[in-house]
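Below: the structure, in structure tokens.
So you know, we letter chains A, B, ... as the sequences are listed, proteins then strands, and number each from 1.
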There are 2 protein chains.
Amino acid sequence: MKEKQMPKYLQLKQEILSWLHTGRLKPNDQMPSENEIAEQFQMSRQTVRQTFGELEQEGWLYRMQGKGTFVSTPQTQKSRDVQTIGILTTYISDYIFPHIVRGAESALRERGYRLLLSSTDNDKGKEKESLDMMMSQPLSGLIIEPTKSAEGNPNLSYYLSLDYLHIPYLMINERYPEMNCPSLVVDDEEGGFKAAQHLIELGHRRIAGFFKTDDLQGINRLKGFIRAHHHYQIPLLPELVIHYLTEEKRQKPYESAITMLGQADERPTAFVCYNDEIAIHLLEAVRTTSLQVPQDISLVGFDDSSLATATEVKLTTLSHPKTEMGADAAKILIDMIQNKRANGSEMGKVYKPELIVRESTIQVSLS
Amino acid sequence: MKEKQMPKYLQLKQEILSWLHTGRLKPNDQMPSENEIAEQFQMSRQTVRQTFGELEQEGWLYRMQGKGTFVSTPQTQKSRDVQTIGILTTYISDYIFPHIVRGAESALRERGYRLLLSSTDNDKGKEKESLDMMMSQPLSGLIIEPTKSAEGNPNLSYYLSLDYLHIPYLMINERYPEMNCPSLVVDDEEGGFKAAQHLIELGHRRIAGFFKTDDLQGINRLKGFIRAHHHYQIPLLPELVIHYLTEEKRQKPYESAITMLGQADERPTAFVCYNDEIAIHLLEAVRTTSLQVPQDISLVGFDDSSLATATEVKLTTLSHPKTEMGADAAKILIDMIQNKRANGSEMGKVYKPELIVRESTIQVSLS
DNA sequence: CTACCGTATATGTACATACAAGTTGAGCAA
DNA sequence: TTGCTCAACTTGTATGTACATATACGGTAG
């Protein structure tokens, strides 16, 4: 009797599970009563109860006092094959993130994955919290848009624990060389270059730049902006380069622009803006003076957001993959999950931004 | 002895859980043996086993045959109490939904819940799919923004299964009287009324309305628009009321507006638009003629989105709670979960939209 | 027909006992 | 000291009983 190795209550469990799997018992069927089973299998009712107790815990059965024991409905039992993927983003509602999330969501849904969403509000503490909550239940993969990237990677050690748990992850909008994961980024340096190049080719020589410098995105755009000046051998005037922090975005660029526009003799003829939001903001600033866009000031934004075409003067801007990036992230992550390639920084992608010329930039009058 | 209502094995469970929470027992501490507990609490060893069994199932304890019973390490135990809540929305990236999601997400995260997000793209089939995937693992609650509401509730039977599973849910932006759940809605009829009222009080008499009529939101706004005309005894000209479907939103309102503006003698003096997006669109339409906003045409939008202030002429519009609504939905849902009130349509909320007067509406010249 | 009351039967709680099986450490023998 | 046995613990399995409590159903009084 080799089967004796398995305790009776487990043998009974196997037997009942086979009834369920073979369809001998269907959802909502009533089980034989505890006493019936006990008699049939020549065991005591308490042992049957032990078996039923485990099967109830695992969701196969449910019991109703006075009525009997029943088989659970399928959705409660076979919950196994849907996997979950998390997205950790900085600001859910701002700007272009909804488009990224949308791209990822639809790609995931098509492939039968669920999406967990959490935002960090660019707060390291919240980032840790969010990671904790996400990993509280089985997670198949994670898409991360990191927090405050220009200051390094605060939760690095935390992300490394993902490696330990063999949870594949990738990063969007940012790349950390020290982390061995794919990253999907826009070549912001190229974007900054193209923005400045476009204006220079239109004859502009005094170009102001407004860049948020507490994330790598802003710093890279600024780098490209500077490189274009060097490349075309245009002197870059320090007083025309404004950098600001996230907290200052409502005031500093606006006020700096007003100040610049007040100096009639050394006034810039074009603005390159960190993104469309700031561009719209500076468009306002220009309007408060007697100057006009694009006649007096040409304006270039970034990201090709919905704001860019909402204005009367449609913004010239640089494209951002948005939805495509989200969808790509989802696809690559699923590929990593299915092929068990938990690392693979070679799977990343770099998107080249395209210049979209609209109405906010014109040839400068050669006087 | 009122406490006698609770079975002994549950009383013991509470007691032991309190030991864990107060730190009297720390992770990896050894528990007293089953016999010791049995003697201390004057109960049989079997009863203690029943308690220990549940606590082990729930991850608080682990047992080693021959050695004893021990307290689990934190990561193993508290993985239990993170619950998941789903949001089912029509379009993730459009317009105001990101703000709703953001409000809900931050309220949920504060309270230790995770957020599952899924969008339906206003497709009944996808709605069913999304529901399936969401419920494939334990779900504590669901926030639903229903699909195509003006045509009835296609997946009604599906939602009723939520009742059966005792999953609390609520609806936002829409109310179905036949469903016994709370709903958070904006009083769109009131909004439509206020928009028209504002223009009427500014002296406008020929007011055109553009309404999307394949959801209740649009129909209610239209209702309010009509009611205002009746209330002020202004004749409502049928040719000035345009209704369109979601698929037509890019062409029909725009073209209708152009046509209207072409008729010099019977030209309307104001537009009420279904939302800010259409308002911006019609602002474009006006610009293509030689007319101006607000001098020739006053314009009222809906929802107070970011688009409303992106334009040169800031839009007069009606407020929408957005973030607040998302946060409220999350709070109410958590309340329902914690108080086991699976039904409770009385917990809903109706938001009164406020008129936000900006630059796109002016007093009509009394000629 | 309705309201009420048993009865039968189901699960829920509680206790007692017995033995199996794994762990530990004391104590003894080589 | 080393290696062994064995007693004394632990948890695991199994069975027995008893009573509480919820449900369904049939019969009876009104």
Drop me the distance from [X]'s [atom1] to [Y]'s [atom2], to the nearest 0.5 angstrom.
| X | Y | atom1 | atom2 | answer |
| --- | --- | --- | --- | --- |
| B:Glu189 | B:Ile219 | CD | CD1 | 12.5 Å |
| A:Gln83 | A:Arg111 | CD | CZ | 13.5 Å |
| B:Ile37 | B:Ile16 | CD1 | CD1 | 5.0 Å |
| A:Met31 | A:Phe52 | CE | CZ | 4.0 Å |

For [X] and [N], give me the distance from atom [atom1] to atom [atom2], rounded to whole Å.
| X | N | atom1 | atom2 | result |
| --- | --- | --- | --- | --- |
| A:Ile37 | C:dT9 | CD1 | C1' | 16 Å |
| B:Met64 | C:dA21 | CE | C1' | 14 Å |
| B:Leu55 | D:dT11 | CG | P | 14 Å |
| B:Arg45 | C:dT13 | CZ | C1' | 18 Å |
| B:Met31 | D:dT10 | CE | C1' | 14 Å |
| A:Gln50 | C:dT13 | CD | C1' | 16 Å |
| A:Met43 | D:dT13 | CE | C1' | 11 Å |
| B:Glu36 | D:dT10 | CD | C1' | 10 Å |

Is there any protein nitrogen or oxygen under 3.5 Å from a nitrogen or oxygen in nucleotides 6-8 of chain C, and what are the pairs?
none

Proximal nucleotide (of [options]) relative to the [X] side chain:
| X | options | result |
| --- | --- | --- |
| B:Gln65 | C:dC15, D:dG16, C:dA21 | C:dA21 |
| B:Arg49 | D:dT13, C:dC15, C:dA21 | D:dT13 |
| B:Glu34 | C:dA14, D:dT13, D:dG12 | D:dG12 |

>> Side-chain N or O of A:Lys67 versus OP1/OP2 of C:dT11: is the shortest distance under 4.0 Å?
In response: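 Answer no for this pair, as no side-chain N or O of A:Lys67 is under 4.0 Å from OP1 or OP2.
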> If you draw a 6.0 Å radius around CD in B:Gln30, do more than 12 non-hydrogen atoms from other residues or ligands fall strictly inside?
Replying inline: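 For B:Gln30, atom CD is crowded (more than 12 foreign heavy atoms under 6.0 Å).
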>> Once you apply a heavy-atom cut-off of 4.0 Å, does B:Glu56 come out as touching a base, just sugar-phosphate, or nothing?
In response: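 Contact class for B:Glu56: none.
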> Closest nucleotide of DNA chain C for A:Thr69 versus for B:Ser44: which of these residues is on the 5' side?
Replying inline: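 The answer here is A:Thr69.
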>> Show, in sequence, the C-alpha distance, side-chain angles and deciding distance for A:Glu34 and A:Arg45, and conclude whether the salt bridge (Lys or Arg N to Asp or Glu O under 4.0 Å) test is met.
In response: CA-CA 6 Å; A:Glu34 291 175 351; A:Arg45 183 181 152 230; 2.7 Å; yes
>> Can you tell me how the ring of B:Tyr62 sits relative to the ring of B:Phe70, calling it parallel under 30°, perpendicular over 60° and tilted otherwise?
In response: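 Because their plane-to-plane angle is under 30°, the rings of B:Tyr62 and B:Phe70 count as parallel.
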> Between the side-chain atoms of A:Gln46 and the base atoms of D:dT17, is any donor-acceptor pair under 3.5 Å?
Replying inline: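 Such a pair is found, so the answer is yes.
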